[in-house]
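Quick note: residue numbers are just sequence positions, from 1. All values below were derived from every heavy atom in this structure, side-chain atoms included, with hydrogens, water molecules and symmetry-related copies excluded.
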Amino acid sequence: GVKMEIKEVFYKDVWPLRKIVMYPEKDIEYVKLPEDKDGLHLGLYVENELISVISLFVNGEELQFRKFATLEDKQGCGYGSKLLNKVLEYAKESGMKRVWCNSRAEKTGFYKKFGFYETKESYVKDGREFVIVEKILG
């Protein structure tokens, strides 16, 4: 079988994947978040290759995830789902009450499969529409 594992990733190591997947046209600086060094970054590895990343930021009893990216040729294989399930597991174990993210508008269907709901909050950035989706725990 294929060797797959999810583990913590050093924050600087998520930047290249973020750039390739989300903003290939931008400079690497563009994908860095000032709060990255305070976040928890998880990566999904297949045969020791990093193919999906997600970054978690905790505020009280709320967990926000950001910069969720999977290599394009590995999308649709269930890897992102495995990573998101891991995040939800972590949120539950950590006693979080709410998990949320700014979803690209065309991706909200993906989150709905995990019990997220669209909120009424949306905005446009870089010509893309985003909707805040959330899941209430406990």
Test log, rule side chain to side chain contact (heavy atoms under 4.5 Å, CB included), inputs K107 and V133
CA-CA 10 Å; K107 299 279 191 192; V133 297; over 6 Å; no

Y123/N102 under side chain to side chain contact (heavy atoms under 4.5 Å, CB included): CA gap, chis, key distance, verdict
CA-CA 9 Å; Y123 62 94; N102 300 315; 3.2 Å; yes

Take R98 and I136, measure what side chain to side chain contact (heavy atoms under 4.5 Å, CB included) needs, and give me the verdict at the end.
CA-CA 5 Å; R98 177 178 182 248; I136 305 301; 3.9 Å; yes

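T119 places a side-chain N or O within donor-acceptor distance of the main-chain N or O of E121, the cut-off being under 3.5 Å. E47 contributes no side-chain N or O that, together with a main-chain N or O of V2, makes up a donor-acceptor pair within less than 3.5 Å. Side-chain atoms of K135 come within 3.5 Å of backbone atoms of F114 as a donor-acceptor pair (strictly under, hydrogens ignored).
Closest of all the heavy-atom pairs between M22 and A69 is CG-CB, 4.0 Å. Heavy atoms only, all atoms of each residue included: V14 and V53 are closest at CG1-CG1, 3.9 Å. For D126 against K26, the heavy-atom pair with the smallest separation is OD1-NZ, 4.3 Å. The two residues G80 and F110 make their nearest non-hydrogen contact at C-CZ, 4.2 Å. Considering every non-hydrogen atom in both A91 and V99, the closest pair reads CB-CG2, 3.6 Å. Between E35 and F57, the shortest heavy-atom distance links the atoms O-CE2, 3.2 Å.
In this structure, I51 CD1 and L17 CG are separated by 9.0 Å, a value rounded to the nearest 0.5 Å. Taking CD1 from I132 and NZ from K120, the interatomic distance works out to 13.0 Å, rounded to the nearest 0.5 Å. Rounding to the nearest 0.5 Å gives a distance of 12.0 Å between CD of Q64 and CD of E134. Here CD of E129 is found 12.5 Å from CZ of R104. Values are rounded to the nearest 0.5 Å. If you take NZ on K32 and CG on D27, they are separated by 8.0 Å, rounding to the nearest 0.5 Å. Here the SG-CD1 distance, from C101 to I54, works out to 7.5 Å after rounding to the nearest 0.5 Å.
Linking Ile, Leu, Val, Met, Phe, Trp and Tyr residues whenever their side-chain heavy atoms come within less than 4.5 Å leaves V131 and L84 in two separate clusters. No continuous path of ILVMFWY side-chain contacts below 4.5 Å connects Y11 to L33, so the two sit in separate hydrophobic clusters. A continuous path of Ile, Leu, Val, Met, Phe, Trp and Tyr side chains, each step under 4.5 Å between heavy atoms, connects L83 with L40, placing both in one hydrophobic cluster. Y117 and M96 fall into different hydrophobic clusters, where Ile, Leu, Val, Met, Phe, Trp and Tyr side chains are chained together by heavy-atom contacts under 4.5 Å.
For residues 12-22, the set of pairs meeting the side-chain hydrogen bond (donor to acceptor under 3.5 Å, both in side chains) definition, not counting sequence neighbours, comprises W15-D36, R18-D36, R18-S55.
The side-chain heavy atoms of V87 and F68, taken from C-beta on, include no pair separated by under 4.5 Å. Counting only heavy atoms from C-beta outward, the side chains of V21 and T70 never approach each other to under 4.5 Å. Inter-residue side-chain proximity for K86 and L44 is flagged as unmet; no heavy-atom pair is nearer than 4.5 Å.
Surrounding CG of D73 are more than 12 heavy atoms belonging to other residues, nucleotides or ligands, all under 6.0 Å away.
Applying the side-chain hydrogen bond (donor to acceptor under 3.5 Å, both in side chains) test to S103 and every residue at least two apart in sequence or in another chain returns nothing. By the ring-ring contact (aromatic ring centres under 6.0 Å, His included) test, W100 pairs with no residue at all, sequence neighbours left out. Applying the ring-ring contact (aromatic ring centres under 6.0 Å, His included) rule to Y45 yields no partners; only residues at least two apart in sequence or on another chain are considered. For K112, the side-chain hydrogen bond (donor to acceptor under 3.5 Å, both in side chains) partners two or more places apart in sequence, or in a different chain, are E118. Contacts of Y23 classified as ring-ring contact (aromatic ring centres under 6.0 Å, His included), with partners at least two apart in sequence or in another chain: Y30.
Taking the six-membered ring wherever Trp is involved, the centroid distance between the rings of Y111 and F65 falls below 6.0 Å.
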